[in-house]
Peer 1: 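Once you've had a glance at the structure underneath, I'll fire off some questions.
Per chain, numbering begins at 1; letters A, B, ... match sequence-line order.
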There are 2 protein chains.
Amino acid sequence: MAPTEKITINDIARRTGLSKGTVDRVLHNRGEVSRKSYDKVMKVIQELGYEPNVYASLLAKGVSQLVAILIPAHEPGSFWELAASGIEKAAAGTGTIGIRVEPFEYDQYDIDSFRDACNRLLEAQPAGVVLAPLFLEETVTFAGRLKEAGIPYVFIDSKPESDDYLAYFGMPLYKSGYLCADQLTGGQENVDSVLMVRVMRDRLQQSDPTINRRAGFMDYMLEHSPECTLGNLFIDPGDPNGTYFKLDDWFQEHPSVKHVVMFNSRIHLIVPWLEDHPDAGRRVVGFDNLSANLEALRRGTVTSLIAQHPDDQVRLAVETLAEYILRKKLPPRKDNFMHMDILTRYNVDYY
Amino acid sequence: MAPTEKITINDIARRTGLSKGTVDRVLHNRGEVSRKSYDKVMKVIQELGYEPNVYASLLAKGVSQLVAILIPAHEPGSFWELAASGIEKAAAGTGTIGIRVEPFEYDQYDIDSFRDACNRLLEAQPAGVVLAPLFLEETVTFAGRLKEAGIPYVFIDSKPESDDYLAYFGMPLYKSGYLCADQLTGGQENVDSVLMVRVMRDRLQQSDPTINRRAGFMDYMLEHSPECTLGNLFIDPGDPNGTYFKLDDWFQEHPSVKHVVMFNSRIHLIVPWLEDHPDAGRRVVGFDNLSANLEALRRGTVTSLIAQHPDDQVRLAVETLAEYILRKKLPPRKDNFMHMDILTRYNVDYY
DNA sequence: TTGAATTCCGTGCACGGTAACGGAAATTTA
DNA sequence: TAAATTTCCGTTACCGTGCACGGAATTCAA
């Protein structure tokens with residue numbers, strides 16, 4: 001029933017006058033083949049357009065290949081929990097036949113735990129790795145080790161300057177800031193004041209997606225509301241009370257401000273204050289579909305969220321690796337910028 | 001390396017004292033097995049938690065299974081072209097190992113071509129079918145034939161009252177109308193006038209998603225802008241000039257109307273008129289990411305689009321069928337309401 | 001009781017590829 | 001030149017299922 005006769009390793013053996021053992025050796029570059037035979041086999045493979053049968057290969061190999069995922073521990077309600085849910089999806093679907101997926105987690109505030117996770121990962125001898133470069137420098141050196149070991153890797157969320165990765169899946173960060181500004185202002189020109197709530201970062205040398213987002217945001221504002229005052233308020237994610245009082249103080253001084261934005265996934269941190277001080281005309285925009293954020297969106301406290309699909313990023317990363325591992329196929333694009341979802345209270349339910 | 005020793009059909013044969021041939025016969029219910037042996041085998045299968053090896057199975061069978069897709073012909077730039085693109089995705093990815101995907105197309109305005117496509121489809125003896133119920137009654141009877149033949153099927157886009165389908169993937173239509181209204185008004189209360197552009201339908205007994213959308217839309221308006229006048233204008237998709245003149249006439253009479261909406265994928269039909277008569281304060285909302293619609297969005301003529309993912313619907317439908325065909329696994333949910341994307345000029349580029 | 005028809009089951013090959021094993025041929029060494 | 005290596009290649013036994021074939025055991029008919 002197949003459109004064309006599937007050609008097998010035996011066909012190649014026959015056509016070259018060699019045995020399938022030899023053909024297998026050239027297919028997997030494991031040496032012990034003379035130059036002449038090698039060329040002959042390669043030629044016939046080209047001519048016939050041979051493609052190995054994945055089932056047979058997997059069946060013979062017996063073992064499934066491991067794809068390791070290196071991400072921060074997914075505390076409940078955090079951004080990385082969303083990514084982790086993609087692991088199950090990737091592991092579940094038929095999309096990953098012959099591939100096992102295993103997460104290696106670390107504390108995103110503890111660089112030693114990161115190093116530790118890297119080592120554990122390498123010991124597991126994965127055939128491919130998915131990783132999010134939180135610790136920039138460490139990630140680059142780790143990528144070096146992977147390269148040395150001949151293990152392909154795919155970045156998600158953001159990526160370092162490196163160039164040896166198989167693929168990247170993430171959000172266009174600058175653009176997301178731009179979109180964010182449009183959502184915050186509702187397309188209105190000449191907004192006169194905006195509050196940007198930011199998180200104090202004590203961790204060093206981390207890759208910070210919010211920098212690019214803020215840049216995009218500010219460029220939009222410059223174009224559409226050049227006179228706008230952009231206020232900054234820094235809060236500490238570990239200190240809810242302090243956050244609350246800081247917001248109290250800030251709005252005491254700027255009572256007329258109607259637009260509030262945060263560039264990371266933690267808009268939920270300021271929701272308690274906002275709900276204690278309701279304002280019908282206020283617009284609040286944040287990022288990412290954490291459950292706490294979604295709740296606030298449903299209640300109307302948050303006007304809209306800009307969400308990426310960390311689970312899809314993981315899924316696509318795994319599928320890309322699977323395709324590469326099982327059939328040595330390179331992805332069509334190295335850098336894959338993914339769609340940004342706009343979430344409002346009216347489309348959040350079927351998310 | 002596998003977590004637990006994989007148990008095979010031979011293990012079962014040994015444990016039951018029967019041969020693998022017999023085990024195979026009970027696994028596939030193809031008879032010629034005594035009641036006693038059958039029970040014994042089933043018992044051991046339960047105990048050991050046997051799961052067949054997909055590779056070996058596929059390898060032995062040799063042929064991959066066919067999943068047939070029954071959709072309207074995808075004229076360039078039409079909604080169904082988007083769905084068709086999902087076929088390639090489904091066929092390409094490793095997601096569909098062992099599964100061939102083949103479209104069977106018909107003219108959505110010609111019921112005979114639909115019947116014809118149904119027959120061609122059945123002759124191909126598919127192991128599963130994906131279908132969109134455009135011709136309602138015909139679809140129901142066709143579903144009956146599928147059921148009779150023991151072929152599982154999955155609905156996309158919309159679904160009839162039937163209950164024998166394996167799964168459904170589609171948009172929550174009523175909700176999408178609600179969301180649409182929110183986008184059109186930008187969250188403003190007390191909009192005073194809206195134009196709903198509608199398409200004349202000559203085809204009968206078709207399932208029409210726009211009915212539910214309009215209902216959701218009108219309920220939103222009733223809640224937020226009870227005084228709003230909802231104007232209707234019917235156009236003929238085959239007559240661009242007539243459309244243009246009708247819009248001319250209508251806006252002659254209602255020059256102050258700033259809100260225009262369409263409930264199907266053809267907002268692009270009124271774009272020429274809109275661009276000839278620009279209005280900075282106008283808001284225009286439509287559905288679906290046809291390329292013509294996206295262009296209009298980029299140019300700012302259309303304010304926002306509400307898009308589903310017809311390609312994802314097809315992909316998920318195929319994967320669901322694959323999972324069922326290859327491993328007899330039922331989908332976690334029968335009815336899968338999918339996310340509605342809000343597209344604006346600022347997030348359209350990475351769509 | 002014997003032959004024929006059923007029912008039920010085991011055997012063995014095929015599917016396409018993997019990789020260990022061992023041996024022939026070519027090359028090097030003494 | 002014979003022996004010791006090295007290079008290169010064919011053979012073969014799997015991997016877990018599917019399925020055709022044929023035979024044994026049982027039931028039925030005569």
Peer 1: Which is more 5' along DNA chain D, the nucleotide nearest B:Ala60 or the one nearest B:Glu32? Just name the residue.
Peer 2: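 Counting from the 5' end, the first nearest nucleotide belongs to B:Ala60.
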Peer 1: Less than 6.0 angstrom separating the ring centers of B:Phe135 and B:Phe114, yes or no?
Peer 2: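 Ring-ring flag for B:Phe135/B:Phe114: true, centres closer than 6.0 Å.
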Peer 1: Thinking salt bridges, do A:Asp24 and A:Lys20 make one under a 4.0 Å N-O criterion?
Peer 2: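 A:Lys20 and A:Asp24: not salt-bridged.
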Peer 1: Please determine whether a side-chain nitrogen or oxygen atom of B:Tyr50 lies at a distance below 4.0 Å from atom OP1 or OP2 of D:dT17.
Peer 2: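 Checking B:Tyr50 against D:dT17: at least one side-chain N or O falls below 4.0 Å of OP1 or OP2.
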Peer 1: Starting the side chain at C-beta, find the nucleotide from D:dC9, D:dT17, C:dG17 nearest to A:Lys20.
Peer 2: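 When the side chain of A:Lys20 is considered, C:dG17 is the closest of D:dC9, D:dT17, C:dG17.
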Peer 1: What contact category does A:Asn53 fall into here, base, sugar-phosphate, or nothing, at under 4.0 angstrom with non-hydrogen atoms?
Peer 2: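 Sugar-phosphate, no base atom in range.
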Peer 1: Respond yes when some side-chain nitrogen or oxygen of B:Ser37 is under 4.0 Å from OP1 or OP2 of C:dC9, and no when none is.
Peer 2: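 For C:dC9, OP1 or OP2 has a side-chain N or O of B:Ser37 closer than 4.0 Å.
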Peer 1: Quick one: are the ring centres of A:Tyr168 and A:Phe155 less than 6.0 Å apart?
Peer 2: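 Distance test on ring centres: not under 6.0 Å, no.
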Peer 1: Take B:Thr22 and A:Arg25, find for each the nucleotide of DNA chain C with the closest heavy atom, and name the residue whose nucleotide sits nearer the 5' end.
Peer 2: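 With B:Thr22 and A:Arg25 compared, the 5'-side residue is B:Thr22.
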Peer 1: Does B:Ser19 place a side-chain N or O at less than 4.0 Å from the phosphate oxygens OP1/OP2 of C:dT11?
Peer 2: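 Result: no.
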Peer 1: Hey, which sits more toward the 5' end of DNA chain C by its nearest nucleotide, B:Arg35 or B:Lys61?
Peer 2: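 Going by which nucleotide is closer to the 5' end, it is B:Arg35.
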Peer 1: Within the structure, does a side-chain N or O atom of B:Ser34 lie under 4.0 Å from either OP1 or OP2 of C:dT7?
Peer 2: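 Answer is no, no contact under 4.0 Å.
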Peer 1: Base, sugar-phosphate or nothing for B:Leu18? Non-hydrogen atoms, less than 4.0 Å.
Peer 2: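 Touches sugar-phosphate only.
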